[in-house]
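Shown next, in structure tokens, is the structure this report addresses.
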Amino acid sequence: MHNDLYAVVGNPISHSKSPRIHSLFASQTGEAVEYTALQAPLADFAGSVHDFFARGGKGLNVTIPFKEEAWRLADCRTERAEKAGAANTLYRDERGKLTADNTDGQGLVQDLTRNHGVTLAKARILLLGAGGAVRGVIGPLLAQHPASLTIANRTVARAEGLVQLFTPDAHGTELSACGFDQPYEPYDLVINGTSASLQGDLPPLSANVIGADTVIYDMMYSLQTTTFNQWALDQGARHVFDGLGMLVEQAAESFRVWRGVRPDTAPVIEELRND
């Protein structure tokens, strides 16, 4: 039986868990999928994408550092990709047009609400960072109708730019921007969308953002507790989660976009945790 070819493309890519995740999805659903990792040259991402589809490839996941370039390369974009300004999913539509989608925000919301039981409606949310990872999740978070969403960033102007961009989508949510150094009250949910955890660093944040029931979520993931989550635990946080579930949930949403079937993510998350 012929398997349809999919891949994750990035640079570097050898560390990616996506091939493992999608092979588990394929086994679970019985879909005829072969999924590999593809390292694209930094100077020729477009060439790698065109070559992949020319060889009969059906879909690509896109990771660092190519998400914005994938967005620009596409002939058309889904609504959520358009607003995110970045794409993590590529495929050819029925007309053969290269189409960009972004499933990162959906993955975050699914992990928070379904896997961790976090209520986002009417919540006061603090979102740290203003890069591509944050921009990709703002729309799906606003769609849950939180009471407020505050975007904090080292360069406040970048956060203010995102507030302006997403204000039409706020629908009653109080959307605001500030710097990391602003004094805070406790939030219901604090999401770290900075890349600081990758370097073992922390955003210069006041411990006042953490209350007795604050949920802490680091979009990075690690076999050990992430630097940000360890800091939060040291400040008395009781509920800390990393981004492994988000990784699996965004992959499941990509799989659904491509195959029309949504895998069960819980056993896949558990298997990856136990690796």
Side-chain angles (χ1 to χ4, degrees), residues 3-11 13 15-26 28-29 31-40 45-111 131-141 143 193 219 221 243-263 265 268-269:
N3 285 350
D4 291 333
L5 182 62
Y6 297 85
V8 58
V9 56
N11 188 328
I13 200 61
H15 66 286
S16 175
K17 294 184 185 295
S18 293
R20 176 91 191 283
I21 292 168
H22 282 273
S23 69
L24 291 169
F25 288 166
Q28 180 195 113
T29 60
E31 291 290 305
V33 165
E34 179 184 346
Y35 191 106
T36 62
L38 178 64
Q39 180 157 309
F45 170 73
S48 295
V49 170
H50 291 314
D51 177 63
F52 175 81
F53 285 105
R55 290 188 286 113
K58 297 294 185 183
L60 284 171
N61 283 129
V62 183
T63 188
I64 294 170
F66 298 124
K67 289 186 180 185
E68 285 85 0
E69 193 171 347
W71 185 90
R72 293 192 297 269
L73 186 64
D75 301 314
C76 47
R77 308 177 188 103
T78 65
E79 186 178 345
R80 58 189 176 183
E82 185 65 55
K83 213 58 182 273
N88 74 333
T89 305
L90 293 173
Y91 59 93
R92 292 202 181 279
D93 68 9
E94 62 279 357
R95 300 165 298 165
K97 300 280 190 182
L98 185 65
T99 304
D101 200 353
N102 190 311
T103 67
D104 284 332
Q106 178 74 12
L108 172 65
V109 168
Q110 284 282 111
D111 193 36
V134 164
R135 182 168 165 171
V137 304
I138 295 171
L141 285 171
M219 287 165 64
Y221 61 89
L244 181 66
M246 176 182 172
L247 176 72
V248 176
E249 294 291 349
Q250 64 80 24
E253 179 66 6
S254 292
F255 196 91
R256 184 197 66 76
V257 166
W258 292 328
R259 309 296 297 184
V261 177
R262 186 172 182 90
T265 54
V268 176
I269 294 170

For this session: Given side-chain contact (heavy atoms from CB on, under 4.5 Å), test Y221 with K17 step by step and report yes or no.
Result: CA-CA 11 Å; Y221 61 89; K17 294 184 185 295; 3.4 Å; yes
Problem set entry | Over all atoms of both residues, closest heavy-atom pair of C76 and D93 | SG-OD2, 4.0 Å
Problem set entry | side-chain contact (heavy atoms from CB on, under 4.5 Å) between F25 and V261, worked out | CA-CA 10 Å; F25 288 166; V261 177; over 6 Å; no
Exercise. Between R95 and D75, is the closest basic N to carboxylate O distance under 4.0 Å?
Worked result: no
For this session: Before giving the answer on side-chain contact (heavy atoms from CB on, under 4.5 Å), spell out for T265 and Q110 the whole-Å C-alpha distance, their side-chain angles and the decisive distance to 0.1 Å.
Result: CA-CA 10 Å; T265 54; Q110 284 282 111; over 6 Å; no
Exercise. Roughly how far apart are Q250 CD and D111 CG, rounded to 0.5 Å?
Worked result: 11.0 Å
Exercise. How about M219 and D104: do any of their side-chain heavy atoms sit closer than 4.5 Å?
Worked result: no
For this session: Report yes if some heavy atom in the side chain of I269 is under 4.5 Å from a heavy atom in the side chain of E249; otherwise report no.
Result: yes
Seminar exercise, completed: dist L5:CG -> E34:CD (nearest 0.5 Å) comes out at 5.5 Å
For this session: Return the set of residues passing side-chain contact (heavy atoms from CB on, under 4.5 Å) with A84 (not counting sequence neighbours), or none when no residue passes.
Result: N102
For this session: Determine the minimum heavy-atom distance between A7 and L38, stating which atoms define it.
Result: CB-CB, 4.5 Å
Would you tabulate the side-chain donor-acceptor contacts of residues 52-66 under 3.5 Å, counting partners in other chains and residues two or more places apart, or write 'none'?
{"residue": "R55", "atom": "NE", "partner": "D51", "partner atom": "OD2", "Å": "3.2"}
{"residue": "N61", "atom": "OD1", "partner": "H22", "partner atom": "NE2", "Å": "3.2"}
{"residue": "N61", "atom": "OD1", "partner": "Y35", "partner atom": "OH", "Å": "2.6"}
{"residue": "N61", "atom": "ND2", "partner": "N88", "partner atom": "O", "Å": "3.2"}
{"residue": "N61", "atom": "ND2", "partner": "S254", "partner atom": "OG", "Å": "3.1"}

Exercise. Of all heavy-atom pairs between G193 and A133, which one has the smallest distance, and what is that distance?
Worked result: O-CB, 4.1 Å
Exercise. Are the side chain of W71 and the backbone N or O of A81 linked by a donor-acceptor pair below 3.5 Å?
Worked result: yes
Exercise. Where is the tightest heavy-atom contact between V9 and A40, given as atom of each residue plus distance?
Worked result: CG2-CB, 3.6 Å
Exercise. So, do F255 and V33 sit near enough that their side-chain heavy atoms are less than 4.5 Å apart?
Worked result: yes
Problem set entry | Derivation and outcome, side-chain contact (heavy atoms from CB on, under 4.5 Å), residues L98 and R92 | CA-CA 5 Å; L98 185 65; R92 292 202 181 279; 4.0 Å; yes
For this session: To the nearest 0.5 angstrom, please state how far the OH atom of Y6 sits from the CZ atom of R259.
Result: 4.0 Å
Problem set entry | Value rounded to 0.5 Å, distance of OG1 in T103 from CG in L108 | 11.5 Å
Problem set entry | Contacts of E253 that satisfy side chain to side chain donor-acceptor pair (under 3.5 Å) - sequence neighbours left out | R80, R256, R262
Exercise. Going from CD on E79 to CG on D101, what distance comes out if it is rounded to the nearest 0.5 angstrom?
Worked result: 11.0 Å
For this session: State whether the side chain of R135 and the backbone N or O of K83 hold a donor-acceptor pair below 3.5 Å, judged by distance alone.
Result: yes
Seminar exercise, completed: Nearest heavy-atom approach of A87 to A100 is CB-CB, 3.6 Å
